[in-house]
*Asks:* 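Shown below is the structure under consideration.
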Amino acid sequence: MNILCVIRQVPDGEAKLRINNSKVELDGVTVIMDGMDEYGVEQALRLREAGASVEQIIVLAVGPARNEDAIRTALAMGADRAIHVETDTYLDPIALSKIVTQVAKEENASLVFSGGQQSDWDSQALGAATAERLGWPQVTWTNALELSGETLKGKHDIDEGAETFEVELPAVITTQQGLNDPRYPTLPNIMKAKKKELRKDSLDKYGVTAKLKHVSSNIQVKERMGKLIDGKDPQAAAAQLVELLRNEAKVIA
Amino acid sequence: MILLVAEHNNGKPSKSALELVQAARDLGRDGPITALLLGQGLTSVANEMSKYAEQVLVADLPELAAYNPEVWAAAVTQIAQEGEAHTILVSASRSGREYSARVAVKLDAPLLEDVIKVEAQGNALQGTKYAYLARVTEVYESDAAVTVVSVKPGAYNPAQPASGAGEQYDVELELPQSRTRSTGKVIEKTTRVPLTEADVVITGGRGVGSPENFSKLIEGLADNIGAGVGATRAVVDAGWRPYGEQVGQTGKTVAPKAYIAVGVSGAVQHLSGMGKSKYIVAINKDPEAPIFKNADYGIVGDLHQVLPALIEATRK
């Protein structure tokens with residue numbers, strides 16, 4: 001079977017963001033493969049290492065030229081080859097799922113991994129929308145997964161807590177913390193990754209346009225008061241904080 | 001019509017369902033506000049919901065006893081098509097964000113996801129949402145004939161009952177078979193106020209030191225002031241506390257009146273889950289901890305001394 005891992009390249013969590021022309025400006029910002037997607041790449045590798053008959057692990061990224069860095073990271077982790085739909089055009093998750101679906105079909109994938117919520121657009125829709133287009137079941141927010149034959153078994157988070165599940169392939173799985181510990185690419189593997197196939201596609205091939213129009217972006221920083229109390233005298237500090245919470249913030253009785 | 005899918009619990013509409021009613025009223029778009037109830041044994045929740053919505057559609061079926069994304073998406077899509085809904089409102093719970101994406105694909109409609117505000121602009125809808133780990137707000141617009149919107153829990157105030165009683169209708173649905181088998185559920189139970197509904201949340205980080213300290217210090221203070229208890233990812237990963245208490249990108253998003261972070265350094269992934277709290281209080285011995293940059297009040301000191309003093313000072 002083939003596994004398709006969808007990845008996004010996102011700003012590093014600690015990177016300082018700024019707005020230019022009412023959009024988040026990423027030039028000069030450190031960007032990395034989204035951590036949530038990394039769990040998917042790692043899990044694909046682990047399924048193969050655990051003996052599943054995985055022929056190819058294919059990585060897909062849709063976005064600007066700089067996404068190549070994230071793709072090379074996934075290849076250096078051990079994915080076999082990659083497809084990069086290179087575009088600067090904004091696509092929302094529902095529109096993007098159309099590309100993922102076409103690639104999954106072309107590549108004869110029977111398992112698609114995507115992150116539970118990507119840290120750039122804070123969206124959880126890509127996995128579910130892809131599953132719907134493919135007519136496949138999906139399991140989101142998995143934090144344990146194994147494959148026996150054609151059956152995936154695992155555990156995932158739901159509204160009320162957690163649930164263990166079983167689902168037959170083909171399926172779409174979204175990944176998160178707890179599923180595994182993604183490996184660091186080693187230098188030899190980084191070198192090897194440079195020789196792996198990275199196919200560049202244009203957006204035209206997929207006939208996809210955005211369903212939503214981006215209107216504006218604004219940095220959200222709430223001004224905080226920053227009143228710091230020295231805790232060397234714990235009793236005095238505690239009394240002062242309780243006083244502030246009672247009489248200034250009025251949040252405790 | 002505006003169709004909203006009302007989540008419910010123990011025979012009552014969830015708080016999020018009443019928030020959706022308020023979002024629908026604020027939108028002021030044409031047509032009646034129609035609430036859809038999916039589940040089994042819905043009589044009491046339907047009666048309650050008809051105080052809020054002009055129409056209540058009741059799909060009371062054994063196949064809907066438990067949530068499933070494929071089944072829920074099929075149900076909502078059928079009702080939206082039959083009722084010619086132009087706006088479909090869903091709570092942005094974990095399940096809501098999952099099946100709403102499927103509904104959008106089925107209806108070939110745009111999805112305004114996890115919005116904190118949705119407004120009509122002529123025939124278009126504009127939704128405001130957080131992005132980049134809640135460090136940015138973004139506005140997106142849909143000018144499609146049908147738009148699916150998931151609304152962040154807590155973003156709207158719950159609606160007050162309307163004056164008249166809404167009509168109730170039983171609906172029939174053709175539902176697909178679920179292909180995912182649930183083999184067991186672990187339901188989170190807490191005797192405390194639920195994290196997402198608490199006015200005050202106290203969260204402990206790794207700095208608390210041990211599960212025993214967590215019980216003694218974090219729960220001790222929470223008991224005194226009626227607060228919900230949260231934990232950082234590191235604490236949950238260490239197995240000290242259940243996942244249901246985790247606050248942050250991979251856990252719950254909370255925005256209480258006061259958020260007290262104890263021994264929490266303040267990584268962006270954590271801030272994205274609590275940064276919208278009205279007041280943020282930090283207690284940490286490291287004056288350089290990033291959490292202090294995001295705090296209204298802070299104590300720079302050893303939590304093992306400060307917390308017992310706080311527990312003493314708040315003792316009833």
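A note on names: the letters A, B, ... follow the listed sequences, proteins ahead of strands, and every chain is numbered from 1. Since the structure is predicted, the reported quantities are computational estimates derived from the model, not experimental observations.
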*Asks:* How many angstroms lie between atom NZ of A:Lys211 and atom OH of B:Tyr140, to the nearest 0.5 angstrom?
*Replies:*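 A:Lys211 NZ to B:Tyr140 OH: 16.0 Å, rounded to 0.5 Å.
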*Asks:* A:Trp136 and B:Arg179: which non-hydrogen atoms are nearest, and at how many Å?
*Replies:*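 Heavy-atom minimum between the residues: C-NH2, 3.5 Å.
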*Asks:* Please answer whether the main-chain N or O of A:Thr164 pairs with a side-chain N or O of B:Thr183 as donor and acceptor at a distance below 3.5 Å.
*Replies:*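 Yes, the answer is positive, given that a donor and an acceptor are paired below the 3.5 Å cut-off.
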*Asks:* Contact part of B:Ala92 toward chain A, heavy-atom cut-off under 4.5 Å: side chain, backbone, both or neither?
*Replies:*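 Interface part for B:Ala92: neither.
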*Asks:* For B:Val281, is it the side chain, the backbone, both, or neither that has a heavy atom closer than 4.5 Å to a heavy atom of chain A?
*Replies:*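 Side chain only.
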*Asks:* Where does A:Asp92 contact chain B at under 4.5 Å (heavy atoms): side chain, backbone, both or neither?
*Replies:*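 For A:Asp92, no heavy atom lies under 4.5 Å from chain B.
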*Asks:* Test your reading of the model: is there a side-chain donor-acceptor pair from B:Glu113 to the backbone of A:Gln124, 3.5 Å cut-off?
*Replies:*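 The answer is yes, because a donor-acceptor pair under 3.5 Å joins these two groups.
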*Asks:* State, with a plain yes or no, whether a side-chain heavy atom of A:Val24 is found less than 4.5 Å away from one of B:Glu138.
*Replies:*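 Yes, at least one pair of side-chain atoms sits under 4.5 Å.
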*Asks:* Verify the neighbour count for atom CG of A:Asn247: are there more than 12 heavy atoms of other residues, nucleotides or ligands below 6.0 Å?
*Replies:*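 It does: A:Asn247 CG has more than 12 such atoms within range.
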*Asks:* Looking only at non-hydrogen atoms, find the nearest pair between B:Ala101 and A:Ala125 and report the distance.
*Replies:*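 Looks like CB-O, 3.6 Å.
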*Asks:* Among side-chain atoms of A:Asp159 and B:Ser95, is any donor-acceptor pair under 3.5 angstrom?
*Replies:*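 Looking only at side-chain atoms, B:Ser95 and A:Asp159 do form a donor-acceptor pair, the distance falling under 3.5 Å.
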*Asks:* Do A:Arg224 and B:Asp296 meet the salt-bridge criterion of a basic N to acidic O distance under 4.0 Å?
*Replies:*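 Salt bridge present between B:Asp296 and A:Arg224.
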*Asks:* Need one label for A:Ile94: side chain, backbone, both or neither, based on atoms under 4.5 Å from any heavy atom in chain B.
*Replies:*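 It is the side chain, since no backbone atom gets that close.
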*Asks:* Does any part of the side chain of A:Ile219, heavy atoms only, come nearer than 4.5 Å to the side chain of B:Arg135, both counted from C-beta?
*Replies:*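 A side-chain contact is absent here, since even the closest heavy-atom pair is not under 4.5 Å.
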*Asks:* Nearest heavy-atom pair of B:Ala313 and A:Val242: which atoms, and what distance?
*Replies:*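 Heavy atoms only, the tightest pair is CB-CG2, 4.0 Å.
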*Asks:* Between A:Glu248 and B:Tyr297, does any side-chain donor sit less than 3.5 Å from a side-chain acceptor?
*Replies:*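 A pair is found: one side chain offers a donor N or O, the other an acceptor, under 3.5 Å apart.
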*Asks:* What part of B:Leu133 lies closer than 4.5 angstrom to a heavy atom of chain A: side chain, backbone, both or neither?
*Replies:*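 Answer is both: backbone and side chain atoms of B:Leu133 are under 4.5 Å from chain A.
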*Asks:* At a 4.5 Å cut-off on heavy atoms, which part of B:Asp108 comes close to chain A: side chain, backbone, both, or neither?
*Replies:*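 Interface part for B:Asp108: both.
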*Asks:* For B:Tyr243, is it the side chain, the backbone, both or neither that has a heavy atom under 4.5 Å from a heavy atom of chain A?
*Replies:*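 For B:Tyr243, the side chain is the part near chain A, not the backbone.
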*Asks:* Below 4.5 Å, heavy-atom pairs only: which of A:Asn218, A:Leu241, A:Ile158 has the largest tally toward chain B?
*Replies:*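 Option with the top pair count is A:Asn218.
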*Asks:* Whether the A:Gln177 and B:Gln246 side chains hold a donor-acceptor pair (N or O, under 3.5 Å, no angle test) is what I'd like checked.
*Replies:*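 Distance-only check passes for A:Gln177 and B:Gln246.
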*Asks:* Could you give the distance from OG1 (A:Thr140) to CZ (B:Arg97), rounded to the nearest 0.5 Å?
*Replies:*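 Output value for this atom pair is 10.5 Å.
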*Asks:* Counting only heavy atoms not in B:Lys285, do more than 12 sit closer than 6.0 Å to its NZ atom?
*Replies:*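 Open: at most 12 neighbouring heavy atoms sit under 6.0 Å from NZ of B:Lys285.
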*Asks:* Taking side chain as everything from C-beta outward and backbone as N, CA, C, O, which of these in A:Asp157 sits under 4.5 Å from a heavy atom of chain B? Side chain, backbone, both or neither.
*Replies:*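 Contact with chain B is through both the backbone and side chain of A:Asp157.
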*Asks:* To the nearest 0.5 Å, what is the distance between CG on A:Leu212 and CG on B:Leu111?
*Replies:*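 CG of B:Leu111 is found 7.5 Å from CG of A:Leu212.
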*Asks:* B:Glu70 versus chain A, heavy atoms under 4.5 Å apart: side chain, backbone, both or neither?
*Replies:*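 Side chain only.
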*Asks:* Quick check on B:Gln126 against chain A: is it the side chain, the backbone, both or neither that has a heavy atom closer than 4.5 Å?
*Replies:*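 The side chain, not the backbone.
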*Asks:* Determine, for B:Arg181 against A:Glu163, whether the closest basic-nitrogen to carboxylate-oxygen distance falls under 4.0 angstrom.
*Replies:*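 Salt bridge: no.
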*Asks:* Indicate yes or no: does A:Glu160 engage B:Lys185 in a salt bridge with an N to O separation below 4.0 Å.
*Replies:*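 B:Lys185 and A:Glu160: salt-bridged.
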*Asks:* Between the side chains of B:Arg102 and A:Gln138, is a donor N or O closer than 3.5 angstrom to an acceptor N or O?
*Replies:*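 Yes.
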*Asks:* Is chain A contacted by the side chain of B:Val200, its backbone, both, or neither, given a heavy-atom distance below 4.5 Å?
*Replies:*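 Just the side chain, heavy atoms under 4.5 Å.
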*Asks:* Do A:Asp122 side-chain atoms and B:Ala134 backbone N/O form a donor-acceptor pair below 3.5 Å?
*Replies:*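 Side chain of A:Asp122 to backbone of B:Ala134: a pair is present.
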*Asks:* Please state whether the side chain, the backbone, both or neither of B:Ile280 comes within less than 4.5 Å of a heavy atom of chain A.
*Replies:*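 It is both, since atoms from each part get that close.
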*Asks:* So which part of B:Ala295 gets closer than 4.5 Å to some heavy atom of chain A, the side chain, the backbone, both or neither?
*Replies:*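 Contact with chain A: backbone only.
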*Asks:* Are B:Thr180 and A:Val139 side-chain neighbours, meaning at least one heavy-atom pair lies under 4.5 Å?
*Replies:*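 A side-chain contact exists here, since the closest heavy-atom pair is under 4.5 Å.
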*Asks:* A:Met36 versus B:Gln249: any side-chain heavy-atom pair under 4.5 Å?
*Replies:*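 Result yes, sub-4.5 Å side-chain heavy-atom pair found.
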